[in-house]
Amino acid sequence: MSKNVMIVGVGGQGTLLTSRIIGKSALSEGYDVKISEVHGMAQRGGSVVTFVRYGEKVSEPVVEEGVADIIIAFERLEALRYSHFLKEGGVIVVNDARIDPMTVVTGAREYPEDIIENLKKTYSVYAIDGQALAKELGNSKVLNSVVLGYASRHLGLKKETVEETVKTTVPPKTIDLNLKAFNVGYDY
Amino acid sequence: MKEKMIMLGNEAIARGAYEAGVELSSAYPGTPSTEISEALCKYEDVYTEWAPNEKVAVEVAFGASVSGKRALACMKHVGLNVASDPLYTFAYTGVNGGAVIVVADDPGLASSQNEQDTRMVARSAHVPVLEPSDSQEAKDFTVLGFELSEKYDTPVILRTTTKLAHSQSVVELCERTLKPAVPYERNLRKYVMMPASAIGRHVFVEDRENRLAKDAETLSINRVEKGDNKIGFITSGIAYQYVKEVCPEASVLKLGLVNPLPKKLIEDFVSSVETCYVFEELEPVIEEQVKSWGLKVLGKELFTKQGEYSANLLKKVLYGKTDEVYKKVDVPNRPPILCPGCPHRSVFSVLKKLKIHAAGDIGCYTLGAVAPLDVIDTTVCMGASISTLHGMEKASGKEFIKNWVAVIGDSTFLHTGINSLIGAVYNKSTGTVIILDNRTTGMTGHQEHSATGKTLKGEETYAIDLAGLCKSVGVQRVLEIDAFDVETLEKEIKASVVGDELTVIIAKAPCALLKGQKFPNRCEIDQSTCKKCKMCLKIGCPAISMRDGVISIDETMCNGCGLCKNYCKFGAIGVVKR
């Protein structure tokens, strides 16, 4: 088994932590793992993409156009932006949220309509309203765990492995809530 | 079995330094090198510090090395320009305890002002360069760097690139091995680089490089991976991974030491394959040397000098196509922006209103150059804002700068901005300098500096008083203003730019992302009062957006700084409790 995973979103949405959880989980299942992250200026509210690759042996740390097995998107427009990275039969798991980029705020561009419906015409798309589910759990910060839970059935990793990594990665006080959020996503 | 972890390239370098028994590390933050110091400072038995700039960091490492201990200095590529003065002569003195200088290049410009190649600097300084290809090598090469440093009596550069520094891969951990300190002995001919000594050391430097080039022929990190003899690659660093991804069957000469080069090894390799490519990001450093030996290789005639390489780039050149299945969609760009509640936005909104140009500097605030703020006109390097403004005034007169200011962050000011300010005072400038004092080194992820009152290790220390510092170098008019007090800012900036004395305005407010801050309020738009004039959209706050004709403020993103309220003529924006 080998997987090329992309986690895309807007700087500040926690894509880095999600990629680290997936990477650590793959490592504990005995795979070779590489993760590529974005730091520095690009993080400031910009479009952010991180890559996780795992399998018997991984060379480059980057997932390139045409080879992604799964894109986990924390925002609709970002799902659309990177959709061409998918290989044939790849899937998109998208958190149904809209964050306007400055090009839209200033009126230079329009935010595309019906992104998810349009993506569905070409790709296998799994959409989830992570904010709403996180809010129901009483903390909007567990959005990432909800989305990760929802995406985790496409990762080729055991559910228990990912759960265990969540436990050891999130702040100790938030373990129970994050696990709950993970399961809400997983069962969605 | 050894413990295995996934580590960032930068964390692995820190681990390598720790295992090699490093005693001291000095660095200035800079993407993509910052996390080395942040990881190393967690090892209690290593002394680590933030230096005010990279020149200081290398000099501190020099001192530690002379005293007999292993020392590390870390910086980004442009930081090496600042540190090149000590570097070039450190190459002459050589070391006592081993010294490794980590320099992180940024092909692709993830967070930099240029794409310079550190190997070029290293060649002209005659310093050996190691280049790892993954985190395991990042750790191993750091350890090796100290060994080579001591064996050949030279500082060693460990060169990384963004993809290596910011990628994680599996690393096997070892224990820390402490080397006994090398005894210090006074040695004028080695450590005092006056002409009489330096003449002798220059001979040594050349001989050292020749010896190392000879030994590089059999150095295990320069290895041939024998494969198909039709196609061969000479490569190093992260570029090696793309070769393995695309052509796992090809013959590869993987260079771990990229300066000096092993001539015979390369000659033998080139003659063992039908077609030989040199696959290296940025400058043709390996390629030009190999070609100068009369060998036939292909390099920059096929592969760009710009940006990061990729497997698809290689596929395109070799096979004329990539793996791409689907077409790229044209979507609105999402460039990085100042965060909600950022104090820089407040200062920039005033400059924009007053139609003032800014000579800018290096930091998050460089984002003030783009829409909708559009106030920064120049950005060159650390500390350049003040000297740029000074040069304008001296060449083109007060009339030219009457609608100009210099803007510089607190950390950047202490890095090299202070030198520019001294020059401006001494040479009777009358310009206006705004220090955007957000109490941290913001863009690289909130590192302490000499005015924050904390060390890299988190210990309390003296906090330099910026206003006092400016006064002490002779600035008579120093004003400290709350960065969110737009009224006072407007009044004082207006007066300062036309005034006849140099003014420093310190605009103070902590970075909105600094830990420990409470944001009890948020802003809200009263829809019945809102006239849709879009003035609030012009400050470029990501929390404010317009959808279906309605302007609203995102509850979770807004932290209630209230800047937008100042720009609503109709009083439609209110600050409410969360």
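Proteins come first, then strands; the chains are lettered A, B, ... in the order of their sequence lines, and each starts at number 1. What's counted below: heavy atoms across the whole structure, side chains too, no hydrogens, waters or symmetry copies. This structure is a prediction, so every number in the text was calculated from the model and none was measured.
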### Task
Measure distances from A:V62 to the heavy atoms of chain B and classify the residue's part below 4.5 Å as side chain, backbone, both or neither.
side chain

### Query
Where does B:S310 contact chain A at under 4.5 Å (heavy atoms): side chain, backbone, both or neither?
both

## Note on the structure
Whatever's closer than 4.5 Å to a heavy atom in chain B on A:L86 counts as both

### Message
Under a plain distance cut-off of 3.5 Å, with no hydrogens placed, do A:N183 and A:E163 share a side-chain donor-acceptor pair?
### Response
yes

### Task
State whether A:R20 and A:E37 are salt-bridged, where the test is any N-O pair (Lys NZ or Arg NE/NH1/NH2 against Asp/Glu carboxylate O) under 4.0 Å.
yes

### Message
Between A:P101, A:S83, A:A108, who has the most heavy-atom pairs with chain B when the cutoff is under 4.5 Å?
### Response
A:P101

### Heavy-atom pairs under 4.5 Å with chain A, option from B:T556, B:L164, B:D323 with the top count
B:D323

### Query
If you tally heavy-atom pairs under 4.5 Å against chain A, which of B:K163, B:M546, B:K244 wins?
B:K163

### Message
If we count only N and O atoms by modelled type, under 3.5 Å, do the side chains of B:D361 and B:T412 hold a donor and an acceptor together?
### Response
no

### Query
Of the backbone (N, CA, C, O) and the side chain (C-beta and beyond), which part of B:K328 lies under 4.5 Å from a heavy atom of chain A, both, or neither?
both

### Query
Does B:K254 make a cation-pi contact with B:Y240 (under 6.0 Å, within 45 degrees of the axis)?
yes

### Message
What I'd like to find out is whether the side chain of B:E308 reaches to under 4.5 Å of the side chain of B:E115, using heavy atoms alone.
### Response
no

### Task
Tell me, for A:F85 versus chain B, whether the close heavy atoms (under 4.5 Å) come from the side chain, the backbone, both or neither.
neither

### Query
With a 4.5 angstrom heavy-atom cut-off, which part of A:V33 approaches chain B: side chain, backbone, both or neither?
both

### Task
Flag the pair B:Y326 / A:H84 as yes when their ring centroid distance falls below 6.0 Å, and as no otherwise.
no

#### Entry: Structural part of B:L513 lying under 4.5 Å from a heavy atom of chain A
side chain

### Task
Between chain A and each of B:T34, B:V243, B:D330, count heavy-atom pairs under 4.5 Å; write down the option with the most.
B:D330

### Options B:V170, B:L537, B:N312, ranked by heavy-atom pairs under 4.5 Å with chain A, top entry
B:N312

## Note on the structure
Interface check, chain A: of B:P542, B:A165, B:P332, most non-hydrogen pairs under 4.5 Å belong to B:P332

### Message
With a 4.5 angstrom heavy-atom cut-off, is it the side chain or the backbone of B:I551 that approaches chain A, or both, or neither?
### Response
neither

### Query
Quick one: of A:T50, A:I99, A:D32, who has the most non-hydrogen atom pairs under 4.5 Å with chain B?
A:I99

### Which residues share a ring-ring contact (aromatic ring centres under 6.0 Å, His included) with B:H446, sequence neighbours left out
none

### Query
Among A:K34, A:K24, A:E64, which residue forms the greatest number of heavy-atom pairs with chain B at distances under 4.5 Å?
A:E64

### Query
Any sub-3.5 Å donor-acceptor pair from B:R345's side-chain atoms to B:C339's backbone N or O?
yes

### Query
Is a salt bridge present between B:R334 and A:E75, judged by a nitrogen-to-oxygen distance below 4.0 Å?
yes

### Query
Does A:Y186 have its ring centroid less than 6.0 Å away from the ring centroid of A:Y150?
no

### Task
With a 4.5 angstrom heavy-atom cut-off, could you sort out which part of A:Q131 is near chain B: side chain, backbone, both or neither?
neither

### Query
With only heavy atoms counted, which part of B:P32 is less than 4.5 Å from chain A, the side chain, the backbone, both or neither?
neither

### Query
Can you find a side-chain donor-acceptor pair between A:E164 and A:T161 that sits under 3.5 Å?
no

### Query
Side chain, backbone, both or neither: which part of B:C541 has a heavy atom under 4.5 Å from chain A?
backbone

### Message
Counting heavy-atom pairs under 4.5 Å with chain B, which one of A:V105, A:V67, A:V104 comes out on top?
### Response
A:V105

### Residue selection (most heavy-atom pairs with chain B, distance under 4.5 Å) from A:E88, A:E110, A:R98
A:R98

### Message
Main chain of A:L16, side chain of A:S19: is a donor-acceptor contact present, judged purely on distance under 3.5 Å?
### Response
yes

### Message
Quick check for you: among B:S545, B:A311, B:C342, which has the greatest number of heavy-atom pairs under 4.5 Å with chain A?
### Response
B:A311

### Query
Looking only at side chains, do B:N438 and B:T440 share a donor and an acceptor under 3.5 Å apart?
no

